[in-house]
Each structure stands twice: as structure tokens, then as C-alpha cells.
Peer 1: 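Sharing a structure here in C-alpha cells format.
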Amino acid sequence: MSAESASGIQRSQVDLLDFVDWSGVECLNYSSSHSLANALKQGYREDEGLNLESDADEQLLIYIPFIQVVKLHSIVIKGPEDEGPKTVKLFANREHMGFSNVNDFPPSDTADLSLDNIKGKPVLLKYVKFQNVRSLTIFVEDNQSGSDITKIQKIVLYGTTVETTDMKGLKKIEEH
């Protein structure tokens with residue numbers, strides 16, 4: 001018997017929003033009137049009228065650091081049928097990426113989003129590639145229709161936190 005619900009999310013997986021380090025979140029090529037907060041922040045991402053929009057072309061580059069190490073299980077990227085994202089490349093623990101070097105590195109996983117995915121069906125990730133994630137870079141390469149603007153209504157990252165050892169709490173064993 002599978003522990004997965006009808007949505008494809010396992011019960012043990014949680015929305016990792018509370019573990020996002022908001023001070024380090026970045027997005028490249030977004031329209032200033034349609035920022036990443038619209039798709040990522042609680043409350044905003046539930047509002048169908050708000051979305052993240054690309055600016056100069058259809059591509060977006062999103063960097064999301066975490067306040068602690070996480071295991072990433074799946075991702076939901078919701079958008080409109082025509083302008084929603086299509087090809088999405090995910091990079092674990094890859095900092096300081098730009099459009100000039102995004103193709104220099106192999107992605108940890110690539111998702112070709114179907115219409116079901118952009119309506120809210122989760123994309124299950126190559127779990128073994130996302131075990132010790134300190135940051136996630138999401139590269140939206142194109143959209144469903146090939147238009148100049150990509151729109152994302154909601155981004156949800158599902159996974160678990162990694163229990164880490166507090167090295168300061170350890171005591172040195174003295175030899176007698």
C-alpha cells in the first residue's frame with residue numbers, strides 16, 4: 001500500500017516554504033510589477049490574479065536558498081495553459097548562476113511540464129539528486145506556447161528537513 005495521496009505527495013513530505021531563506025532569494029528577468037513573491041509567498045501564491053512574469057523574454061532564473069539542509073521530493077509549478085512554463089531545469093546547491101552560464105552545468109533534474117503539471121500536479125524529482133539541498137536554482141527555459149512572456153502562478157517545494165548534528169553541542173572526550 002502506497003503512502004502517497006491522490007495528489008502524488010507523500011504524507012511525510014511538507015511544504016518547505018518555512019525553510020526558505022528569504023534574504024537570499026533572487027529572480028532574474030522578472031517584470032518589476034510581477035515579482036517572485038507572487039508565486040512563492042504564502043497567501044500571494046493562492047491568489048489566482050497574482051503571478052510571476054518574465055520580462056525581456058520567456059526565460060526566468062530563480063534562486064531559492066534554505067535556512068537548513070532539506071531533502072527535496074517534488075515540486076509544483078502552476079501557470080496558465082498558454083504562458084505557463086514548459087521546460088524547467090533544476091540545480092541543487094549551485095550558487096551564482098546567470099543566463100550566461102546556466103548551460104555550462106548539467107542540471108540535477110529536468111522537467112518537461114505537461115498541462116496537468118501546470119494545473120497543479122506535482123513533478124516527482126530524482127530524489128537521490130536532492131538529498132542534501134542548501135539551495136535550489138530553477139531555470140525556466142521556455143513556456144507552453146513559445147510566447148515572449150512566461151507566467152507562474154504558484155511554486156511549491158515539497159520535501160523534508162535533514163536532521164543535522166550541532167557541532168557546538170558536542171563535548172570533547174578527555175582521556176584519563
Side-chain angles (χ1 to χ4, degrees), residues 8 13 15-17 19-41 45 51-118 121-162 164:
Q13 307 301 323
D15 181 347
L16 295 171
L17 189 67
F19 303 100
V20 170
D21 178 2
W22 291 102
S23 66
V25 171
E26 293 177 6
C27 184
L28 300 180
N29 191 39
Y30 71 92
S31 166
S32 57
S33 58
H34 300 279
S35 73
L36 178 59
N38 291 348
L40 197 57
K41 283 200 168 177
R45 65 183 185 184
N51 53 48
L52 164 64
E53 270 183 36
S54 63
D55 190 23
D57 59 25
E58 74 281 8
Q59 296 184 332
L60 287 162
L61 193 59
I62 302 164
Y63 175 73
I64 304 171
F66 297 99
I67 56 174
Q68 76 178 76
V69 179
V70 298
K71 290 181 181 183
L72 207 52
H73 174 268
S74 54
I75 185 170
V76 171
I77 301 180
K78 198 173 166 193
E81 278 188 32
D82 50 353
E83 297 165 312
K86 183 176 182 185
T87 308
V88 177
K89 294 181 178 178
L90 303 166
F91 300 85
N93 304 323
R94 180 68 65 187
E95 298 177 1
H96 310 298
M97 291 182 78
F99 291 107
S100 62
N101 70 354
V102 74
N103 291 316
D104 295 349
F105 307 103
S108 303
D109 204 352
T110 300
D112 290 313
L113 303 181
S114 66
L115 287 178
D116 285 343
N117 293 135
I118 63 170
K121 182 182 178 197
V123 175
L124 298 178
L125 302 176
K126 292 178 184 163
Y127 196 56
V128 69
K129 302 261 187 167
F130 296 94
Q131 291 296 301
N132 290 297
V133 180
R134 292 176 302 287
S135 67
L136 180 69
T137 301
I138 303 170
F139 174 49
V140 178
E141 199 165 40
D142 53 17
N143 58 39
Q144 296 290 328
S145 65
S147 65
D148 282 346
I149 294 177
T150 297
K151 294 181 180 179
I152 298 176
Q153 296 162 329
K154 185 176 196 173
I155 298 172
V156 186
L157 305 171
Y158 289 103
T160 56
T161 57
V162 175
T164 55

Peer 1: Has Asn29 got a side-chain atom pairing as donor or acceptor with Ser54's backbone, closer than 3.5 angstrom?
Peer 2: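 Not a single qualifying donor-acceptor pair exists.
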
Peer 1: If you round to the nearest 0.5 Å, how far is NE2 of His96 from OG1 of Thr137?
Peer 2: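 Here the interatomic distance stands at 10.0 Å.
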
Peer 1: Looking at Glu53, His34, Glu58, which one forms a side chain to side chain contact (heavy atoms under 4.5 Å, CB included) with Lys151?
Peer 2: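 Exactly one option meets the side chain to side chain contact (heavy atoms under 4.5 Å, CB included) with Lys151, and it is Glu53.
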
Peer 1: Please test Asn93 against Val133 for side-chain contact (heavy atoms from CB on, under 4.5 Å), starting from the C-alpha separation and ending with a verdict.
Peer 2: CA-CA 6 Å; Asn93 304 323; Val133 180; 4.2 Å; yes

Peer 1: May I ask you to decide if Thr87's main-chain N or O and Asp142's side chain share a donor-acceptor pair within less than 3.5 Å?
Peer 2: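 Side chain of Asp142 to backbone of Thr87: a pair is present.
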
Peer 1: So among Gln59, Arg94, Met97, which one has a side chain to side chain contact (heavy atoms under 4.5 Å, CB included) with Phe139?
Peer 2: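 Of all the options given, the one that passes is Gln59.
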
Peer 1: Quick one: does Asn38's side chain have a donor or acceptor within less than 3.5 Å of a partner on Asn51's backbone?
Peer 2: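 Looks like yes, one N/O pair under 3.5 Å.
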
Peer 1: I need the minimum non-hydrogen distance between Leu72 and Leu16, along with the two atoms involved.
Peer 2: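 Scanning both residues completely, I find the closest heavy atoms to be CD1-CD1, 3.5 Å.
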
Peer 1: Can you check whether Lys126 reaches Leu90 side chain to side chain, under 4.5 Å on heavy atoms?
Peer 2: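 In short, these two side chains do not touch, never coming nearer than 4.5 Å.
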
Peer 1: Hey, does the side chain of Ser108 reach the backbone of Ala92 with a donor-acceptor pair shorter than 3.5 angstrom?
Peer 2: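 At least one qualifying donor-acceptor pair exists.
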
Peer 1: From the options Ile64, Leu40, Leu52, Leu61, select the one residue that forms a side chain to side chain contact (heavy atoms under 4.5 Å, CB included) with Cys27.
Peer 2: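 With Cys27 as partner, Ile64, Leu40, Leu52, Leu61 yield a single side chain to side chain contact (heavy atoms under 4.5 Å, CB included), made by Leu52.
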
Peer 1: For a quick test of reading the model, state the closest non-hydrogen atom pair linking Asp15 to Tyr158 and the distance between them.
Peer 2: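 Residues Asp15 and Tyr158, closest heavy atoms: N-CD2, 3.8 Å.
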
Peer 1: Heavy atoms only: give me the nearest Ile77-Pro85 pair and the separation to one decimal.
Peer 2: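 Closest pair (atom of Ile77, atom of Pro85, distance): CG2-CG, 3.5 Å.
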
Peer 1: Indicate yes or no for a side-chain donor-acceptor contact from Gln153 to the backbone of Ile118 under 3.5 Å, with no hydrogens or angles considered.
Peer 2: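 Such a contact is absent between Gln153 side chain and Ile118 backbone.
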
Peer 1: Where is the tightest heavy-atom contact between Tyr127 and Gln13, given as atom of each residue plus distance?
Peer 2: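 Smallest heavy-atom distance, with atoms named: OH-NE2, 4.5 Å.
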
Peer 1: Please walk me through it: do Tyr63 and Leu28 pass side-chain contact (heavy atoms from CB on, under 4.5 Å)?
Peer 2: CA-CA 9 Å; Tyr63 175 73; Leu28 300 180; over 6 Å; no

Peer 1: Could you go step by step and tell me if Ile155 and Arg45 meet the side-chain contact (heavy atoms from CB on, under 4.5 Å) rule?
Peer 2: CA-CA 7 Å; Ile155 298 172; Arg45 65 183 185 184; over 6 Å; no

Peer 1: What do you reckon, is NZ of Lys89 surrounded by more than 12 foreign heavy atoms closer than 6.0 Å?
Peer 2: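 Count over threshold, so yes.
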
Peer 1: Give the intermediate values and the outcome of side-chain contact (heavy atoms from CB on, under 4.5 Å) for residues Leu17 and Val156.
Peer 2: CA-CA 7 Å; Leu17 189 67; Val156 186; over 6 Å; no

Peer 1: Just checking, is any N or O donor in the side chain of Asn143 or Thr150 under 3.5 Å from an acceptor N or O on the other one?
Peer 2: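 Checked: Asn143/Thr150 side chains pair up, N/O donor to acceptor below 3.5 Å.
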
